[in-house]
Amino acid sequence: MNVTVDRTRIARFAEGGFLPAGLLLAWYLLTKYHLIDPHSYPSPSDVLNGFLAVWKDGSFTENLLISIVRVCRGFLAGASFGYLLGILIGLSKTADKLISPLFNAVRQVPIPAFAPLLVLVSIGEPSRVLFIAIGACYPVALNTVEGIRCVKREYHEVSEVFRFGKLKRFLKIVLPSSFPSTLTGLRIGLSVSWLLVVAAEIFMSSGGGIGDMMWGCREMSRNDLVIVCIVTIALVGFTMNILMKMLERVFSSWRVTLKNAR
Amino acid sequence: MSNTGALEIRNVRKTYPGKERDVHVLENINLSIKPGEFVSIIGLSGCGKTTLLRHIVGLESEYEGDILLDGKRLNGPSLDRGIVFQDHRLFPWLTVEKNIALGIVGKSEKEKKEIVDSHIELVGLKGFEKSYPYQLSGGMSQRAAIARALVNQPKILLLDEPLGALDALTRMYMHNELERIWEKEKITMIMVTHDVEEALYLSDKIVVMSAKPGRIQKVLNVSLPRPRDRAGHDFADMKEQVLEEFMLHTEHHFSYAI
Ligand SMILES: Nc1ncnc2c1ncn2[C@@H]1O[C@H](COP(=O)(O)OP(=O)(O)OP(=O)(O)O)[C@@H](O)[C@H]1O
Ligand SMILES: [Mg+2]
């Protein structure tokens, strides 16, 4: 059984690789035969050389680490807040009535629109972290509310029959039952955070990080390095998503669905 | 704990409010069940059997009439009544043993462990303590649900088609298991079933219900000695009697329709 799983995984991986490989080849050919302006469009080997240079002088790793730490902070802050908010709204009708309208209105504001305000509040790292946190909070809160509302009535009846108190019902039924939904929110929240860390570093620059590095390179017209940054951003985001999906699988293995059965 | 648990149902009537018109589910339900009796409720699908059990367990609070347990009117669910739902309702995120343990109230961890172990033994699920509900067969899930319903030593155990999903052979095996548990625990059992033989094999009393609105059509006492012989003469006679209830019922309906 494991063998077949592995085989389909490899097959899917290979299938997913066709398009990038094709694009890479096209890019290589376009630059090799000077079909596009070599100054603004560096070739694959330029990019590789650029990467090796920034790798050797340590600036690549340094900036990448800065971004990852930053995203973790923003995500943890935003996700925790979102989780608590989601629980509050999910459990209490009063909280729902009081908070939800405001929450849903604020949610419509694109996160970058908060940047000018955040800069007023604080300059430097806190504002960047807060920027990310805002984005991470929404999906976690929304999915937690949804998860809590979708706890089956049947399970509530069981807890009634066994005379569970409020706390026991919350800890033993509501939380575990809604957790898969929260995890989906966490996965989306982490992707959003990673998108936002780049934006934060561009809007609120000079704090280092991969986005800052990319913006700097753009200003110095080092398009080879800009591409290095773009590819890195894509790969890190991709890996994060895979890790979160694995986590989701582990924590919702009890949910036998078509998705899990794959 | 003393094994009292005399149940008295008097003039119970239930309607669910509906958008167009109310759904009249139970009408004039009168039934008394002695402590330690095994009672089966049998009737066509949709006649209100589950609804009646929900009333007895205390999940329905708005109804007319009285349901008395040991002379006291019911007031919501209580640990002296356990229920095995039609869909077993185990918590899918917990293992069998944790599902069973979750229901235990007011015991130390050590006592809990002992209760869980003895109940797993009782329903024959040894070796599956650490399994999740999705890893169990339908019958095993029902058995786990039975164990969970018994952990607080209820006076009354309600079973809603506990064997509905099983094949005939496993069913017969489970009949013996249920009888064994009933004899060992000495509690009142009220079981909903569609299976006349099952009802006859297990019950002291069979309650035949008719539909729309659900009422009690007949209460038959089964005084055959135990263990019962499914192939016996008296058993076959009783079976005829029960089946007749349904024939008469359909005939009545038929002439009514004309
Ligand atoms: N919450 C409810 N609101 C409205 N009608 C309901 C509700 N619950 C049950 N009913 C109605 O009550 C009737 C009896 O339902 P019930 O579930 O008790 O039947 P049952 O005898 O257990 O049937 P089955 O053998 O199929 O399980 C049905 O017609 C059903 O539509
Ligand atoms: Mg039913």
Side-chain angles (χ1 to χ4, degrees), chain A residues 1-2 5 83 86-87 90-91 143-144 146-187 245-262, chain B residues 50-51 53-61 74-96 98-107 112 115 130-136 141 144-154 156-160:
Chain A
M1 197 207 143
N2 267 330
V5 167
Y83 193 39
I87 288 172
L91 288 183
N143 280 279
T144 301
E146 187 65 13
I148 289 177
R149 296 226 171 108
C150 290
V151 176
K152 287 191 185 168
R153 194 188 57 129
E154 282 86 341
Y155 296 151
H156 284 299
E157 284 184 357
V158 174
S159 58
E160 255 180 82
V161 168
F162 282 101
R163 314 274 306 157
F164 289 178
K166 276 212 169 98
L167 187 65
K168 186 168 182 185
R169 192 183 290 207
F170 172 66
L171 291 177
K172 301 289 181 175
I173 301 194
V174 174
L175 278 195
S177 174
S178 63
F179 198 57
S181 183
T182 298
L183 265 176
T184 306
L186 287 172
R187 177 166 56 82
K245 277 205 164 154
M246 277 160 64
L247 207 65
E248 264 183 87
R249 259 168 187 266
V250 171
F251 278 97
S252 51
S253 59
W254 53 266
R255 233 177 22 171
V256 191
T257 58
L258 217 52
K259 202 173 113 201
N260 283 347
R262 267 206 313 206
Chain B
T50 298
T51 309
L53 285 200
R54 289 174 61 84
H55 279 77
I56 298 173
V57 82
L59 283 172
E60 303 284 345
S61 48
L74 291 188
N75 181 22
S78 136
L79 295 179
D80 55 20
R81 277 157 288 139
I83 185 167
V84 178
F85 289 98
Q86 199 162 355
D87 45 338
H88 55 74
R89 299 194 187 178
L90 297 171
F91 298 121
W93 54 88
L94 294 178
T95 58
V96 167
K98 291 211 173 117
N99 258 295
I100 297 173
L102 194 60
I104 303 174
V105 174
K107 294 276 154 80
K112 267 191 189 174
I115 295 174
K130 305 264 188 274
S131 302
Y132 284 88
Y134 73 89
Q135 296 168 316
L136 303 179
S141 305
I146 292 172
R148 178 174 71 174
L150 285 171
V151 285
N152 294 309
Q153 292 184 286
I156 299 182
L157 179 65
L158 305 164
L159 301 138
D160 198 348

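When reading the values below, keep in mind they use all heavy atoms of this one structure, side chains included, and skip hydrogens, waters and symmetry mates. Because the structure is predicted, anything quoted here is derived from the model rather than measured. Just so we're on the same page: letters track the sequence lines, and every chain starts at 1.
Chain B is approached within less than 4.5 Å, heavy atom to heavy atom, by A:Pro176, A:Ser177 from residues 174-182 of chain A, ordered by number. Of all residues in residues 156-163 of chain A, those placing a non-hydrogen atom less than 4.5 angstrom from a non-hydrogen atom of chain B are A:Glu157, A:Val158, A:Glu160, A:Val161, A:Phe162, A:Arg163.
Between the B:Trp93 side chain and the A:Lys172 main chain, a donor and an acceptor come within less than 3.5 Å of each other.
For chain A, no part of B:Leu94 is nearby; none of its heavy atoms comes within less than 4.5 Å. Contacts between B:Arg54 and chain A at a heavy-atom distance below 4.5 Å involve the side chain alone, from C-beta outward. For chain B, no part of A:Lys152 is nearby; none of its heavy atoms comes within less than 4.5 Å.
With chain A as the partner, the residue from B:Ile104, B:Val57, B:Leu59 showing the most heavy-atom pairs under 4.5 Å is B:Leu59. Among B:Pro77, B:Gly82, B:Ala149, B:Pro133, the residue with the largest count of heavy-atom pairs under 4.5 Å with chain A is B:Pro77.
The environment of NZ in B:Lys98 is sparse: at most 12 heavy-atom neighbours from other residues, nucleotides or ligands sit within 6.0 Å.
Contact between A:Tyr155 and B:Pro92 at its shortest, heavy atoms only, is OH-CD, 3.2 Å.
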